[in-house]
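None of the values given here were measured: they were computed from a predicted structure.
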Amino acid sequence: MRPKIYLIGDSITEESFCDGGWGASLAHHFSRTVDVVLRGYSGYNTRWAVKVLERVIPAAKGSGDGADEPLAVTVFFGANDACLPDRCSAFQHVPLDEYKHNLRSIVSFLKKRWPTTHILLITPPPIDEDARLRHPYVENPLNQPERTNEAAGDYAKACIAVAGECGIPVVDLWTKMQQFSDWKKAYLRQSYVGRIGH
């Protein structure tokens, strides 16, 4: 059996195996050495993820020496949690304090299930508010963005804080992407705005 890397998250993870996606790139990079296992759930926030972890993350089997545990797991939630509570996607919103609590719960669950596995948190990405207004996913009678870059930034900071508390690494995608002037075109799929293409 080859070692595994699990990718856990929302639609940004679920669609990461699309052409040019980050999951596909990761699988290609490790194509002869590691199996990349996808556990992405479109529309999910951390509240819903906590409820399904027991069913979607297999328990380690074997000798108890950690040999069958994944090498690593990425946890990539927050884009849906950060939906604004008074806009058209309010049903996905999770308050900031609960988001942090849920991330801690996910990390704790993974550490208990797979004690030797490296856990990596990924912050939600930045939001192209104008593009989301031009290409809404749901009916938007207010014609206001259901997500803002400012709110995504708050959830990114919360994710970084949880990683620090838990003593695990984090990729600050929200900050890193915006360091490039053309991040909206370079990193987001224009046909499905707000989703990381590569």
Side-chain angles (χ1 to χ4, degrees), residues 5-16 22-23 26 38-54 56-57 72-114 117-132 137-138 144-180 183-184 187-188 193-196:
I5 295 174
Y6 273 73
L7 311 181
I8 302 171
D10 55 30
S11 61
I12 302 172
T13 299
E14 180 177 345
E15 297 189 14
S16 69
W22 67 276
L26 195 62
L38 184 63
R39 292 291 183 269
Y41 300 94
S42 182
Y44 268 52
N45 55 32
T46 54
R47 181 184 297 157
W48 302 335
V50 166
K51 293 180 179 183
V52 301
L53 281 177
E54 189 75 37
V56 302
I57 301 300
V73 57
T74 63
V75 178
F76 192 177
F77 287 103
N80 296 320
D81 299 70
C83 285
L84 300 179
D86 60 347
R87 305 282 171 86
C88 60
S89 292
F91 67 96
Q92 292 175 301
H93 172 75
V94 171
L96 200 56
D97 286 343
E98 183 188 345
Y99 170 70
K100 292 172 74 174
H101 172 77
N102 292 340
L103 277 183
R104 288 186 206 103
S105 297
I106 291 168
V107 170
S108 176
F109 173 87
L110 292 170
K111 283 183 173 184
K112 287 177 185 171
R113 179 136 297 186
W114 296 329
T117 298
H118 297 283
I119 302 169
L120 172 72
L121 294 184
I122 305 174
T123 72
I127 302 294
D128 182 348
E129 296 173 34
D130 292 335
R132 291 191 74 89
Y137 301 114
V138 295
Q144 294 178 319
E146 88 288 12
R147 304 164 195 230
T148 64
N149 203 37
E150 180 181 3
D154 291 339
Y155 283 73
K157 289 173 189 163
C159 182
I160 293 165
V162 170
E165 292 169 18
C166 297
I168 59 175
V170 61
V171 173
D172 181 3
L173 200 58
W174 188 83
T175 298
K176 295 286 185 193
M177 282 176 61
Q178 292 181 89
Q179 290 174 348
F180 299 89
W183 65 269
K184 293 176 183 179
Y187 300 114
L188 299 179
V193 179
R195 297 299 179 249
I196 297 169

Within the structure provided, determine whether [X] and [Y] are in side-chain contact (heavy-atom separation under 4.5 Å).
X: K157; Y: T123; answer: no
X: L173; Y: W22; answer: no
X: P125; Y: F76; answer: yes
X: Y6; Y: T117; answer: no
X: N45; Y: W48; answer: yes
X: I122; Y: T13; answer: no
X: I8; Y: I57; answer: yes
X: V107; Y: V75; answer: no

Just how far is it from atom [atom1] of [X] to atom [atom2] of [Y], taken to the nearest 0.5 Å?
X: K51; Y: N102; atom1: NZ; atom2: CG; result: 9.5 Å
X: S108; Y: L103; atom1: OG; atom2: CG; result: 12.5 Å
X: T74; Y: I5; atom1: OG1; atom2: CD1; result: 8.5 Å
X: Y99; Y: C159; atom1: OH; atom2: SG; result: 4.0 Å
X: E15; Y: D10; atom1: CD; atom2: CG; result: 9.5 Å
X: I127; Y: Q178; atom1: CD1; atom2: CD; result: 9.5 Å

Identify the two heavy atoms, one from [X] and one from [Y], that lie closest to each other, and give their separation to 0.1 Å.
X: R47; Y: P95; result: NH2-CD, 3.7 Å
X: N80; Y: G43; result: ND2-C, 3.3 Å
X: G78; Y: P124; result: C-CB, 3.7 Å
X: L38; Y: S16; result: CD1-OG, 3.9 Å
X: F109; Y: E54; result: CE1-OE1, 3.4 Å
X: I12; Y: A79; result: CD1-CB, 4.0 Å

Step-by-step side-chain contact (heavy atoms from CB on, under 4.5 Å) determination, V50 to I106 = CA-CA 6 Å; V50 166; I106 291 168; 3.9 Å; yes
Could you tell me whether the side chain of K111 and the main chain of C166 form a donor-acceptor pair under 3.5 Å?
->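 Side chain of K111 to backbone of C166: a pair is present.
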So, the side chain of D81 versus the backbone of T46: is there a donor-acceptor pair under 3.5 Å, distance only?
->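 It does hold such a pair.
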Between the side chains of W174 and N149, does any donor sit under 3.5 Å from an acceptor?
->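 The criterion, which ignores hydrogens and geometry beyond distance, is satisfied for N149 and W174.
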With P126, the side-chain contact (heavy atoms from CB on, under 4.5 Å) member among K176, M177, E150 =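 One option only clears the test, and that one is M177.
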Any chance you could lay out the side-chain contact (heavy atoms from CB on, under 4.5 Å) test for C83 and F91, step after step, and finish with the verdict?
-> CA-CA 8 Å; C83 285; F91 67 96; over 6 Å; no
Name the orientation class of the two ring planes belonging to Y155 and H93 (parallel below 30°, tilted from 30 to 60°, perpendicular beyond 60°).
-> perpendicular
